[in-house]
There are 2 protein chains.
Amino acid sequence: MTVPAPGPTSAPPFELAVVAGVGLIGGSVALGLRQRLLARRVIGYDASVEVLREAEALGVVDEVRAAPGEWLREADLVVLAAPMRALAPLARELAPFLSSGALVTDVGSVKAGIAAELEALGVRNFVPGHPMAGSERGGVTHARAALLENAVWVLTPTDHTPLTALSRMRALVEALGAAPVVMPPDAHDQLVATVSHLPYLASLALTHLVARDERLSLLAAGGFRDLTRVASGDPRMSRDMVVENRAALREALARFRRHLERLEADLDQPDELLAAAQEGKRTRDSLPVVRRSLLPPRHDLVVAVPDKPNQIGAVTQALGEAGVNIKDIEVLAIREEGGAIRLGLESPEDVRRAGEILSGAGFEVRGRG
Amino acid sequence: MTVPAPGPTSAPPFELAVVAGVGLIGGSVALGLRQRLLARRVIGYDASVEVLREAEALGVVDEVRAAPGEWLREADLVVLAAPMRALAPLARELAPFLSSGALVTDVGSVKAGIAAELEALGVRNFVPGHPMAGSERGGVTHARAALLENAVWVLTPTDHTPLTALSRMRALVEALGAAPVVMPPDAHDQLVATVSHLPYLASLALTHLVARDERLSLLAAGGFRDLTRVASGDPRMSRDMVVENRAALREALARFRRHLERLEADLDQPDELLAAAQEGKRTRDSLPVVRRSLLPPRHDLVVAVPDKPNQIGAVTQALGEAGVNIKDIEVLAIREEGGAIRLGLESPEDVRRAGEILSGAGFEVRGRG
């Protein structure tokens, strides 16, 4: 995890960040902003009152709002993180209230289209983006700042995106611990058609093959489970994604079919097939390993500590007296008004107890992991 | 894990088991036989002297042989576990020395063909089989008895397979902790074409798609890694498998293509596609969970304890004095001449230390996990 060097304290880059759509990604971005003290305040905005309640309880955001209004005028960062089909309506809802200097971004998985939409709404500093992160379990309860660490976060500026906005967005992505990669929207869409949407359709087709014969389920071992795991994703979101990107997806399907036909022909050419198998293994083995998946599970709690003497001592003492063992402690950020520290604990139960103890002692919990 | 009930001690079902081909599967079968005391002696037979040396050192087998001979006459169980392309030559090598009463089985992943081969060689009690188990890492060093636990083990008798042989094979599979499933060879081959060989080709085609564009590797996230994991399998073995089963595989490919075409057409019918996505999720979610993959990693050591008083006490004392913590202890089997116990330890290092300590104290280590 990149840790900002402690030293001369500095102001957070943003005064007010608004995360619109507090799901898995939006929630994780909010947690990252709060834990790394990148915004003085983080407001969560969502269509669902329950989600807002949960987000506040979990310390994912500082405050919540359920309706757009003048309060949006103060926002200098707006993250549109609603499900893809709700993005354009959401943008239309918020746009009238945004200040022209606000940095605005989205996290949708298909990029063509959204930029034109935001431009038409008069949003000046919009940088379309797509953090390549996620887990099978959605929702704000599974949001974690660590989800974004070491993730590739694609930014897809158009010819109209101001370079200053791109630059600010790039810095934000890096500050959140992710790796920015910049490319045009169409290039992104073609790439995700190949590495994400085509595999989803192939996976789906495989599940359909086994649906009508129970013996197949019985014999399906680890390899088949691997190949069909993505078919367990949320059907509506998956459907929206592939329909939105269908043009690029059709091209990817055509290329996939050609490769598959060649392999089928090679069933009569064992030497050719061996070469193909060797090449495939080489390629697969060289896929970059995402470091975070190799880390042991962490049981973390992040607390904000005000800029007063001996706050860290007070935290550790409170936990020590309650018999909660602190395995690891790390300063995440230091600002003028205080800092944030990560406590590595031993178990999810300890994380819960520590949260209760420290909240009771007046400390502000900023997320659990 | 099924544990034979302790009680009136009984004789092992087999006097002498020969495992020909001591790789991942052969080695795991040998470990299962030894840990559950299913054979009085287990001999490993392999083309490679290094493999035999390793197998003996790991306690996977009792003895090793490098050439066929009269010693095979005593075998009442023979497991042919060489790579599929070497199976027929291996069978031809051993057949002249086998007694007619010996129960013989193989573990190859394509069943049509091998039965006719063995029959032509005059092997009477041959039951073709295929344990659906394995891991990405091959070789005897990764062999574990637990690999077979809860695995589906398909048995594919032909019309000529004696029912008594099938019955004995079924009992053996259950005694090893696996689940026998019986079906004709052709049915098996069609099923594995769908759940194993087709997915392998699809996976290979996907890797070929990304080989020529580094940006694709960069954007390939968890889903893509899942879908291409099987492409990392041993190229030669994978190639042999799909070539051997090409007839059934072509049928499976044709069905796969039809499903994929339907999904592509549905890109213009979002409601149809949603239904397809929901059906796919339902099917995938209902795939039986293989229990062992959910268990926390175990660090096990199995030792044979002779039938003398206080042996278990001696084992625990030796480890206790050396500071090796025993988390778990389980009796795996009890026979007239002694038993086998599994010790659950805390780490791979503890397993190694415990192995050294107990070997030094005269105990016989029968495998690590």
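In the text below, chain A, chain B and the rest are named by the order of the sequence lines, each starting its count at 1.
- Heavy atoms closer than 4.5 Å to chain A are found in both the backbone and the side chain of D271(B).
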Worked check of side-chain contact (heavy atoms from CB on, under 4.5 Å) between H208(B) and T283(A):
CA-CA 8 Å; H208(B) 292 158; T283(A) 300; 5.7 Å; no

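- Counting only distance, with no hydrogens or angles, the side chain of R236(B) and the backbone of L274(A) share no donor-acceptor pair below 3.5 Å.
- Atom CZ of R229(B) and atom CG of L287(A) lie 10.5 Å apart (nearest 0.5 Å).
- Using a 4.5 Å cut-off between heavy atoms, D268(A) touches chain B through backbone and side chain atoms alike.
- Ranked by heavy-atom pairs under 4.5 Å with chain B, the first of D234(A), V195(A), V154(A) is V195(A).
- Checked by atom type and distance alone, the side chain of R284(B) pairs as donor or acceptor with a backbone atom of R225(A) at under 3.5 Å.
- Counting heavy-atom pairs under 4.5 Å between each of V210(B), L209(B), V181(B), V243(B) and chain A puts L209(B) at the top.
- For chain A, the nearby part of V230(B) is the side chain; its heavy atoms alone come within less than 4.5 Å.
- A pairwise comparison of heavy atoms in K281(B) and S232(A) identifies NZ-O, 2.8 Å as the closest pair.
- Heavy-atom pairs under 4.5 Å with chain B peak, among A202(A), A252(A), A179(A), at A202(A).
- Residue T194(A) touches chain B through both its backbone and its side chain, counting heavy-atom pairs closer than 4.5 Å.
- A distance of 7.5 Å separates CG in L260(A) from CG in L198(B), rounded to the nearest 0.5 Å.
- Between the CG atom of L204(B) and the CD atom of Q278(A) there is a distance of 11.0 Å, given to the nearest 0.5 Å.
- Both the backbone and the side chain of E261(B) come within less than 4.5 Å of a heavy atom in chain A.
- A side-chain donor-acceptor contact under 3.5 Å links R239(B) to the backbone of P270(A).
- Summarising the local packing, CE of M183(B) is surrounded by more than 12 heavy atoms from other residues, nucleotides or ligands at distances under 6.0 Å.
- Contact annotation for V242(A): both backbone and side-chain heavy atoms come within less than 4.5 Å of a heavy atom of chain B.
- Shown here for A205(A) and H259(B), the closest heavy-atom pair between the two residues is CB-CB, 4.0 Å.
- Contact annotation for T228(B): both backbone and side-chain heavy atoms come within less than 4.5 Å of a heavy atom of chain A.
- A distance of 7.0 Å separates CG in L273(A) from CG in L201(B), rounded to the nearest 0.5 Å.
- Taken to the nearest 0.5 Å, the CG atom of L191(A) stands 5.0 Å off from the CG atom of L216(B).
- Note on ring orientation: taking the six-membered ring where Trp is involved, the planes of F256(B) and F256(A) are perpendicular (angle over 60°, cut-offs 30° and 60°).
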What verdict does the side-chain contact (heavy atoms from CB on, under 4.5 Å) test give for Y200(B) and L227(A), after you've listed the backbone C-alpha separation in whole Å, the side-chain angles of each residue and the deciding distance to 0.1 Å?
CA-CA 9 Å; Y200(B) 174 74; L227(A) 264 107; over 6 Å; no

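- Between R257(B) and E264(A) there is a salt bridge, since at least one side-chain N of the basic residue sits less than 4.0 Å from a carboxylate O of the acidic one.
- Heavy-atom distances place both the backbone and the side chain of T207(B) under 4.5 Å from chain A.
- Between the CZ atom in R215(B) and the NE2 atom in H188(A) there is a gap of 11.5 Å [rounded to 0.5 Å].
- Nearest approach of R250(A) to L267(B), heavy atoms of both residues: NH2-CB, 3.7 Å.
- Interface remark: L253(B) contributes side-chain atoms only to the contact with chain A (heavy atom separation under 4.5 Å).
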